[in-house]
Amino acid sequence: MSLMNVKSYAAGQWIAPDDTAREIESAITGHVIARAGTKGIDAQAMLDHARTIGGPNLRKLTFHDRARMLKALAQHLTENKQALYDISYNTGATKRDHAFDIDGGIGTTFVFASKGRREMPDGHVLSDGDLEQLSRSGSFLGQHICTPLLGAAVHINAFNFPVWGMLEKLAPTLLAGMPAIVKPATATCYVTEACVRLMLEADILPEGALQLVSGSIGDMLDRLDCQDVVSFTGSAATATKLRSNPNLVQNSTRFMAEQDSLNASILGPDAEPGTPEFDLFIKEAATEITTKAGQKCTATRRILAPEDHVDAVIEALSERLSKATVGDPRLEDTRMGALVSADQKRDVLEKLDILGTEAKRVFGAPDDFLINGDDAQTGAFLPPMLYHCTDPDNAQRIHDTEAFGPVSTIMGYRDIGHAVELANRGGGSLVTSLITHDPATARELTLGTAAFHGRLYINDRTSMKESTGHGAPMPHMVHGGPGRAGGGEELGGIRGVKHYMQRTAIQGSPDMLSAITGKWVPGAETHERPAHPFTRKFTELAIGDTLHTQSRTVTLEDIETFAHFTGDTFYAHMDDEAAKRNPFFPGRVAHGYLLISFAAGLFVEPNEGPVLANTGLDNLRFMKPVSAGDAIKVQLIVKAKTPRTPDYGEVRWHVTLTNQDDEKVAEYELLTMNAT
Ligand code: NDP
């Protein structure tokens with residue numbers, strides 16, 4: 001294999017490594033396979049490029065445009081993922097590991113593409129939460145909005161996930177409308193570079209949206225301001241150093257960190273040997289130790305089991321781990337590959353010495369194991385290893401030392417309170433799993449541990465077939481954790497997008513809020529036009545377009561007919577005396593569903609036209625009862641429009657039913673699909 005010169009992509013140019021470049025070794029053989037880095041990366045030029053070209057280019061696009069862009073990127077990477085697999089073996093990763101890193105990264109991008117289209121408007125402003133009524137009559141309202149930050153998002157990533165680690169930050173950043181400068185860890189930057197190259201060559205992203213630093217980032221952090229963001233994944237030591245950069249502190253530059261984490265897995269007291277939960281626990285613990293050779297931020301470092309079951313756990317887990325073939329990740333029969341480098345192996349061995357002061361190694365020996373594959377004998381391999389700590393209360397290092405390799409420490413707990421105490425001794429972690437079939441145990445453990453953990457993964461016989469795994473951060477769910485885990489938060493669906501946006505409280509009149517958010521708000525201007533709105537196509541409808549219907553008197557016969565036709569003969573509609581005894585009703589009243597059916601009868605335009613389907617209604621409220629003899633009428637207002645396909649889009653109508661005294665009797669939002 002020829003030596004790879006890993007380039008940076010800065011201000012629209014590919015920049016080759018120079019004579020200060022760092023050498024990168026193959027995890028499998030230990031031989032130098034690549035070089036990366038230059039002494040003179042022009043950080044200011046990169047930031048200028050992002051701020052003046054990438055940002056404006058992205059912000060011209062709507063959320064939906066950017067979501068479509070992500071989908072196209074994910075599709076392009078899917079078509080080309082074999083090239084990434086091929087190069088990734090050098091990091092020590094097996095084919096199964098690629099599923100986490102490469103497929104996981106692509107999958108995450110797809111999820112953000114889909115969420116962007118489904119959960120965000122086709123506009124430039126994202127509303128956050130509900131409208132706030134700040135005045136008596138409604139002439140002054142409040143709404144929180146999110147708009148993209150105007151700077152650059154600097155992503156500093158760890159070595160263990162060269163693809164997922166980039167894409168899980170990049171997808172929400174681009175969706176938000178911010179350009180990114182990605183700095184992968186040097187040890188595996190050749191994989192990230194290959195992925196960036198694929199994305200840029202596809203010509204999907206606007207100029208300036210994505211830049212890459214292979215090697216040192218130079219003085220970039222000294223040049224950031226309040227419109228920039230740093231998202232960091234790596235060691236606690238580096239995070240502490242970077243987040244205390246005086247320039248970042250001075251400018252209150254947003255800094256998100258995801259760092260060391262002493263994740264735990266708790267075997268519930270009910271999950272005795274012989275139960276499906278016990279087997280599940282062993283299986284998941286073994287997976288966590290062996291996947292990516294334990295180099296996963298979410299990997300289980302501490303295994304907590306009821307004291308009575310500790311021996312059984314050691315025995316079952318050791319048996320399972322003994323079947324894990326360690327060696328050349330390219331070979332089909334290899335279960336666990338190499339650590340990323342000899343340095344990383346050295347680091348793990350040093351950490352094992354520390355763990356060894358408080359725990360005894362009960363499985364695996366770092367200097368006595370077989371390596372599968374003739375070409376791999378000089379690589380950075382370690383076997384899976386288990387430690388057992390008999391006195392976790394008086395131990396400290398097992399709760400604060402992360403050996404970032406195929407290592408876990410087992411400890412016993414006396415009761416749930418003790419399990420909670422031990423789990424929380426990690427000082428804040430990314431994930432803890434609770435394996436129990438008892439909902440009461442799950443609840444007690446959750447209440448005791450949730451504040452210390454970014455994610456709780458609860459699994460049992462019911463969910464195990466479809467569960468996504470302790471170690472797999474899902475793009476829909478928050479990834480991050482308090483304390484030792486860095487105090488940051490990533491992913492979590494659209495929450496993750498907001499990390500690259502500023503939340504601003506907007507206060508003003510309904511017309512102002514409507515103009516800013518692109519949504520009609522109560523009190524804002526409405527306009528009636530001669531043609532019925534149902535005769536206008538999606539593209540012809542404007543926010544605020546309104547229809548006022550005729551009124552219709554509700555009779556006792558209507559109520560009787562509806563009751564017998566539907567079978568809803570609830571006493572409030574049928575029995576005047578009984579209804580009067582109910583504090584909500586003056587006597588017999590019309591069914592709420594009769595009212596919304598009559599409302600439809602009043603507002604529809606019956607002929608074939610652009611309205612294709614009624615897809616539902618939201619936020620239905622019945623506000624005042626309607627008695628026989630009352631007359632209802634309807635106001636329909638176009639509140640929001642969301643394109644769905646080139647052929648149709650969703651219209652959200654604000655619907656208000658009023659009685660003969662103009663009192664609101666019902667209110668809801670109707671959703672229709674309209675042809676474009
Ligand atoms: P590091 O903290 O050493 O590096 C993380 C990132 O920071 C890399 O991209 C690195 O670049 C960069 N970096 C380091 N120093 C600076 C600096 N002064 N300025 C700007 N960027 C800098 O972590 P590693 O990825 O090397 O992993 C080391 C340890 O971190 C592991 O052994 C493990 O304990 C922990 N870790 C924890 C993870 C978690 O999420 N819990 C994930 C991965 C690692 P470069 O590579 O070029 O030095």
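Order of listing sets the numbers, starting from 1, for every ligand and every atom in it.
- Short contacts between ligand 1 and E402, defined as distances under 4.0 Å to a heavy atom of the residue, involve ligand atoms 33 (C), 34 (O).
- Under the 3.5 Å distance criterion, with hydrogens and angles disregarded, no donor-acceptor pair is assigned to the side chains of Y413 and E421.
- Applying the 4.0 Å criterion to heavy atoms of K241 picks out, from ligand 1, the atoms 18 (N).
- For T91 and S88, the side-chain atoms include no donor-acceptor pair closer than 3.5 Å.
- Of all the atoms in ligand 1, the ones that sit under 4.0 Å from a non-hydrogen atom of A185 are 8 (C), 9 (O), 46 (O).
- Close contacts between ligand 1 and P184 involve ligand atoms 9 (O) [criterion: under 4.0 Å to a heavy atom].
- In terms of modelled atom types and a separation under 3.5 Å, the side chain of H155 and the main chain of T233 share no donor-acceptor contact.
- Protein heavy atom closest to atom 17 (C) of ligand 1, with residue, atom name and distance, is L242 CD2, 3.6 Å.
- Crowding of K283 atom NZ: a count of heavy atoms from other residues, nucleotides or ligands under 6.0 Å not exceeding 12.
- Heavy atoms from both the backbone and the side chain of D260 come within less than 4.0 Å of ligand 1.
- Of the protein's non-hydrogen atoms, the one nearest atom 27 (O) of ligand 1 is F159 CE2, 3.3 Å.
- Nearest protein heavy-atom contact of atom 29 (C) of ligand 1 is S235 CB, 3.7 Å.
- In terms of protein heavy-atom proximity, atom 5 (C) of ligand 1 is closest to T233 O, 3.6 Å.
- Proximity to C297 (heavy-atom distance under 4.0 Å) selects the following atoms of ligand 1: 38 (C), 39 (C), 40 (O), 41 (N).
- Atom 15 (N) of ligand 1 has its closest protein heavy atom at T238 CG2, 3.4 Å.
- The proximity of Q344 to ligand 1, defined as any non-hydrogen pair under 4.0 Å, is limited to the side chain.
- By the 4.5 Å heavy-atom criterion applied to side chains, T192 and N157 are not counted as neighbours.
- In summary, the atoms of ligand 1 found under 4.0 Å from a heavy atom of D347, numbered by their order in the structure, are 32 (O).
- More than 12 heavy atoms of other residues, nucleotides or ligands lie within 6.0 Å of CD in Q44, so this atom counts as buried by the packing criterion.
- Every N/O-N/O distance between N160 and ligand 1 stays at or above 3.5 Å.
- Scanning the protein for heavy atoms near atom 9 (O) of ligand 1, the closest one is N157 O, 2.7 Å.
- For ligand 1, the polar-atom distance check finds no N/O of F404 at less than 3.5 Å from any of the ligand's N/O atoms.
- Under the side-chain contact (heavy atoms from CB on, under 4.5 Å) rule, L304 has a single partner from L422, V420, I410, which is L422.
- Looking only at heavy atoms of the protein, atom 47 (O) of ligand 1 is closest to T186 OG1, 2.5 Å.
- Taking each heavy atom of D225 and T253 in turn, the nearest pair found is O-OG1, 3.3 Å.
- Defined by atom type and a distance below 3.5 Å, a donor-acceptor pair is present between the side-chain atoms of H470 and T300.
- Here is the list of ligand 1 atoms found below 4.0 Å of a heavy atom in R22: 45 (P), 47 (O), 48 (O).
- Scanning all heavy atoms of the two residues, the minimum distance from R51 to R223 falls at NH2-O, 3.1 Å.
- Side-chain contact check for E258 and H479: at least one donor-acceptor pair (N or O, by modelled atom type) lies under 3.5 Å.
- For ligand 1, the atoms closer than 4.0 angstrom to any heavy atom of F232 are 2 (O), 5 (C), 6 (C), 7 (O).
- The environment of K351 atom NZ is dense: over 12 non-hydrogen atoms of other residues, nucleotides or ligands sit within 6.0 angstrom.
- The nearest heavy-atom contact from the protein to atom 20 (C) of ligand 1 is I217 CG2, 3.6 Å.
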